[in-house]
2 protein chains.
Amino acid sequence: MDAAARLFSERGYHGTSMQHLGQALGLQRGSLYAHIGSKEELLFDVVNQGAERFLGMARHAASSGEPAAARLRALLVGHVSTAAQHLEASTVFLNEWRYLSPVPRAQIQAKRDLYETVVRRIISDGVAAGEFDPGVNVAMAGRLVLSAGNWIYTWYHPDGALSASAIGAELFDLILNGLAKEGPA
Amino acid sequence: MDAAARLFSERGYHGTSMQHLGQALGLQRGSLYAHIGSKEELLFDVVNQGAERFLGMARHAASSGEPAAARLRALLVGHVSTAAQHLEASTVFLNEWRYLSPVPRAQIQAKRDLYETVVRRIISDGVAAGEFDPGVNVAMAGRLVLSAGNWIYTWYHPDGALSASAIGAELFDLILNGLAKEGPA
DNA sequence: CCTACCGATCGGTAGG
DNA sequence: CCTACCGATCGGTAGG
């Protein structure tokens, strides 16, 4: 699965052959079928593990009992940290899941929808509690949070100046406070 | 190129065969080679056209002479509108460009970098002009804007409640003002 | 885990 | 001479 995550993230699912995987593991391609059912099953396992990682983190962040802003911050920091720690598997989760056939894809779609629901719930909680602006479009704000978190795999490098947590925290501050100068209405 | 944009966006570059392309056009796959040099050349053309579209729009938005906030708004609205109007080609531009071989990929990378530079320039102009908060991390804010714009192809549907322009405008307002309630510091 | 295959299909090119 | 194709096949590789 590690080799698959790496190769699928670099070459894409369809750009990776069983030959590539065999080579990475020092096996003939036919021999891989003693360990996996099919190439697609391998994709599903990598994608599903990624989905579970994000979902588990989100549920934990959402249920802390803290104010909505703190929960959203924990979720965004957790999201970026998870993506950074499992960059290849996260890339596969985000980019290659759509190549699954209908039944497994629907399973993953359900987990993606659940994740988005968790994010929106935190935001609508924050609006209800008076923490966030009552004019906030909850669906749009949820998508902004997911966008910010999901796009980082395209530019994050482990040896960058900022840690994953710091990136998550910076993104949260931007989303919470905006670009505009405080003060004059 | 339209057929390639559609097929590459749905199946991915490596998941699309010359057979698929021929079928979409009512031709034998071999006949396509009277029109293109190679499959990769076709990918490059789709990706490059996408890059040029976004870059042209960004240059136009950036050079209006308006305040930074208005320019950033125009860029985000333009970005979402462009992505919406050419959803398939934009998807290929964003997802499949990395499968180009080194030389053409570097050409596209340069255009992507240029686009990001335009975005950052607007933001740093806004900070310098006192429109934006002086504490803003320009690189991070630029990535947030790009993230918001680049992720929409995953959920945008032409028959949704909001037009592309309206989505761009809502995203801009969120990024400018943030989630937080105005008032108490 | 191997070699040796299967039915099919890959991107690309042949001559006409 | 051109554009726009044909049926067949090139050397290799796909998943199984």
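Comparing D:dC5, C:dC10, C:dC1 by their nearest atom to the side chain of B:R29 picks out C:dC10. Which of C:dG11, D:dC5, D:dG15 sits closest to the side chain of B:L27 comes down to D:dC5. Taking every side-chain heavy atom of B:S38 into account, C:dG12 is the closest of D:dC5, C:dG12, C:dC1. Closest approach to the B:M18 side chain among C:dC5, C:dG11, C:dC2 is made by C:dG11 (side chain taken as heavy atoms from C-beta onward). Comparing D:dC5, D:dG15, C:dC1 against the side chain of A:S17 picks out D:dG15 as the nearest. Across C:dT3, C:dC10, C:dG12, the shortest atom-to-atom separation from the side chain of B:Y33 is found for C:dG12.
Across all strands shown, B:Q28 has heavy atoms under 4.0 Å from sugar-phosphate atoms exclusively, and none from any base. At the heavy-atom level, B:G30 lies under 4.0 Å from base atoms of the strands shown. Counting non-hydrogen atoms under 4.0 angstrom, A:H14 reaches nothing in the nucleic acid.
Atom CG in B:L25 sits about 13 Å away from atom C1' in D:dC5, given to the nearest Å. Residue B:H35 contributes atom NE2, which lies 15 Å from atom P of C:dT13 at whole-angstrom precision. Atom CG of A:L43 and atom P of D:dG15 are 12 Å apart (whole Å). Whole-Å rounding puts the A:L32 CG to D:dG16 C1' distance at 12 Å. Distance, B:Q19 CD to C:dG11 P: 9 Å, rounded to whole Å. Atom pair B:K39:NZ and C:dT13:C1' shows a separation of 17 Å (rounding to whole Å applied). Going from atom CD of B:Q23 over to atom P of C:dC10 covers 10 Å, rounded to whole Å. Summarising the geometry, the separation between CG on B:L42 and C1' on C:dC10 is reported as 16 Å, rounded to the nearest angstrom.
Under a 3.5 Å cut-off, the side chain of B:K39 and the backbone N or O of B:Y13 do form a donor-acceptor pair. In terms of modelled atom types and a separation under 3.5 Å, the side chain of A:R105 and the main chain of A:L100 share a donor-acceptor contact. For B:T91 (side chain) and B:S9 (main-chain N/O), no donor-acceptor pair under 3.5 Å exists by modelled atom type.
With P as the reference atom, D:dG16 and C:dA4 are 22 Å apart, rounded to whole Å.
Residue B:H20 places none of its side-chain N or O atoms closer than 4.0 Å to OP1 or OP2 of C:dT9.
At a cut-off of 3.5 Å, with distance as the only test, no side-chain donor of B:H79 or B:T82 sits close to an acceptor on the other residue.
Between A:D125 and A:R121, at least one side-chain nitrogen of the basic residue sits less than 4.0 Å from a carboxylate oxygen of the acidic one, meeting the salt-bridge criterion.
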